[in-house]
Amino acid sequence: MYDNDTAIGSCGIHKRKSEFDGEEYILGGFGELAILPRNRGNGYGKVLTEKAIKKLYEINCDVACLCVDRKHNAYKLYQLLGYTFLQRDAYFIDALGKEKTNDSVMILGIKNKELADKISNTNYKFHYSKDKGYW
């Protein structure tokens, strides 16, 4: 994100193939969202988040997820934009190949809102994928 010729913020977009309850789909997300301190509080985080969601749609992601620290208020912005907290652990494979969990994952339907609802409202195991890492 630029203000004239000055970079003031950025975020990374991610996607991968995944599977939920036997259904293959494209899982997307964004991370590393950052706004320079002097530019915070001006709505740039919301603009970047909306652009990230739009990009996830453009690159054909079915469902988006992101990890959020519940101790920080950033999750409130994501809720305003439609994300909801998964009410159970999400699973991923760490760099050493061990399965780990995260209890602060938010979900949003991008191109497949029905699948996002199923992920959010069933107790099937939600796993980023069988590959290492979140992304």
Side-chain angles (χ1 to χ4, degrees):
M1 173 177 270
Y2 288 88
D3 181 16
N4 294 317
D5 292 332
T6 304
I8 62 169
S10 67
C11 82
I13 302 292
H14 309 281
K15 80 177 199 176
R16 70 179 341 165
K17 289 181 182 178
S18 193
E19 182 182 315
F20 184 77
D21 189 31
E23 182 177 348
E24 289 188 4
Y25 70 102
I26 302 297
L27 178 66
F30 66 91
E32 305 91 40
L33 190 133
I35 305 292
L36 287 176
R38 70 176 178 267
N39 297 100
R40 292 179 188 158
N42 295 309
Y44 294 123
K46 182 178 181 196
V47 170
L48 253 181
T49 301
E50 290 170 333
K51 287 182 182 280
I53 292 169
K54 182 179 178 192
K55 187 61 158 178
L56 293 171
Y57 185 86
E58 290 170 0
I59 62 174
N60 294 315
C61 293
D62 295 305
V63 174
C65 68
L66 73 120
C67 299
V68 180
D69 186 341
R70 294 176 192 243
K71 296 176 199 155
H72 295 98
N73 287 330
Y75 75 88
K76 292 178 183 178
L77 167 64
Y78 307 134
Q79 285 178 322
L80 275 172
L81 297 173
Y83 279 88
T84 58
F85 275 106
L86 191 62
Q87 298 301 312
R88 62 186 185 286
D89 286 345
Y91 293 79
F92 66 98
I93 305 297
D94 73 7
L96 300 175
K98 297 187 187 253
E99 187 173 71
K100 301 286 185 172
T101 61
N102 185 319
D103 67 351
S104 294
V105 170
M106 298 183 87
I107 300 291
L108 175 67
I110 301 293
K111 288 204 162 189
N112 191 336
K113 295 186 187 318
E114 287 180 10
L115 179 58
D117 287 344
K118 184 177 178 181
I119 291 169
S120 293
N121 296 311
T122 63
N123 287 322
Y124 296 115
K125 187 176 188 176
F126 175 73
H127 210 296
Y128 277 81
S129 87
K130 301 300 177 189
D131 298 327
K132 290 182 181 178
Y134 288 104
W135 304 109

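By convention here, the first residue in the shown sequence is residue 1. Hydrogens, waters and symmetry mates are skipped; everything else that's a heavy atom, side chains included, is used.
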- Note on the structure: OH (Tyr124) and CD (Glu23) are apart, to the nearest 0.5 Å, by 11.5 Å
- Note on the structure: Between Ala116 and Val63, the two heavy atoms sitting closest are N-CG2, 3.9 Å
- Is Phe20 reachable from Ile110 through a run of I, L, V, M, F, W or Y residues, each pair having side-chain heavy atoms under 4.5 Å apart? no
- Message: Taking salt bridge (charged side-chain N to carboxylate O under 4.0 Å, His left out) as the cut-off, I'd like each qualifying pair that reaches into residues 68-78, sequence neighbours left out, listed once.
- Response: none
- Message: Using side-chain heavy atoms (C-beta onward) and a distance below 4.5 Å, is Ile26 in contact with Lys17?
- Response: yes
- Message: If I take atom CD1 from residue Ile8 and atom CD1 from residue Ile35, how far apart are they, to the nearest 0.5 angstrom?
- Response: 6.0 Å
- Query: So, the side chain of Asn102 versus the backbone of Ser104: is there a donor-acceptor pair under 3.5 Å, distance only?
  - Reply: yes
- Message: Taking ring pair (Phe, Tyr, Trp, His ring centres under 6.0 Å) as the definition, give me every residue that meets it alongside Phe92, ordered by chain and number, with sequence neighbours left out.
- Response: Tyr134
- Partner set under side-chain hydrogen bond (donor to acceptor under 3.5 Å, both in side chains) for Asn60, not counting sequence neighbours: Lys111
- Query: Mind checking whether Leu108 and Leu48 sit in one hydrophobic cluster, side chains of I, L, V, M, F, W, Y counted as touching below 4.5 Å?
  - Reply: yes
- Query: Quick one: side-chain hydrogen bond (donor to acceptor under 3.5 Å, both in side chains) pairs with a partner in residues 85-100, sequence neighbours left out?
  - Reply: Glu99-Lys125, Glu99-His127
- Out of curiosity, Tyr25 OH to Asn112 CG, how far, rounded to the nearest 0.5 Å? 10.0 Å
- Note on the structure: Rounding to 0.5 Å, atoms CE (Met106) and SG (Cys67) come to a distance of 11.0 Å
- Check ring pair (Phe, Tyr, Trp, His ring centres under 6.0 Å) between Tyr57 and all other residues, then give those that pass, not counting sequence neighbours. none
- Query: Quick one: are Leu86 and Ile119 in side-chain contact, heavy atoms under 4.5 Å?
  - Reply: yes
- Item | Heavy-atom closest contact (Ala7 atom, Leu36 atom, distance) | O-CD1, 3.3 Å
- Measure the CD-CG distance between Glu24 and Asp62 for me, rounded to the nearest 0.5 Å. 11.0 Å
- Where is the tightest heavy-atom contact between Ala64 and Leu56, given as atom of each residue plus distance? CB-CD1, 3.8 Å
- Query: Side chains of Ile107 and Phe126: closer than 4.5 Å at any heavy-atom pair?
  - Reply: yes
- List the steps, then state whether side chain to side chain contact (heavy atoms under 4.5 Å, CB included) holds for Val68 with Tyr83. CA-CA 11 Å; Val68 180; Tyr83 279 88; over 6 Å; no
- Task: Would you please name every residue forming a ring pair (Phe, Tyr, Trp, His ring centres under 6.0 Å) with Phe30, sequence neighbours left out?
- Result: Tyr78
- Query: Can you list every ring-ring contact (aromatic ring centres under 6.0 Å, His included) pair that touches residues 58-77, not counting sequence neighbours?
  - Reply: Tyr75-Phe85
- Could you give all pairs that pass the side-chain hydrogen bond (donor to acceptor under 3.5 Å, both in side chains) test and reach residues 36-52, with sequence neighbours left out? none
- Query: Which heavy atom in Leu27 sits nearest to a heavy atom in Cys65, and how many Å separate them?
  - Reply: CD1-SG, 3.7 Å
- With sequence neighbours left out, what residues match Lys54 under side chain to side chain contact (heavy atoms under 4.5 Å, CB included)? Glu58
- Message: If the condition is side-chain hydrogen bond (donor to acceptor under 3.5 Å, both in side chains), which residues does Ser129 pass it with, not counting sequence neighbours?
- Response: Arg16
- For Cys61 and Lys15, work out which heavy atoms get closest and say how close. SG-CB, 3.8 Å
- Who pairs with Asp21 by side-chain hydrogen bond (donor to acceptor under 3.5 Å, both in side chains), at least two apart in sequence or on another chain? Lys118
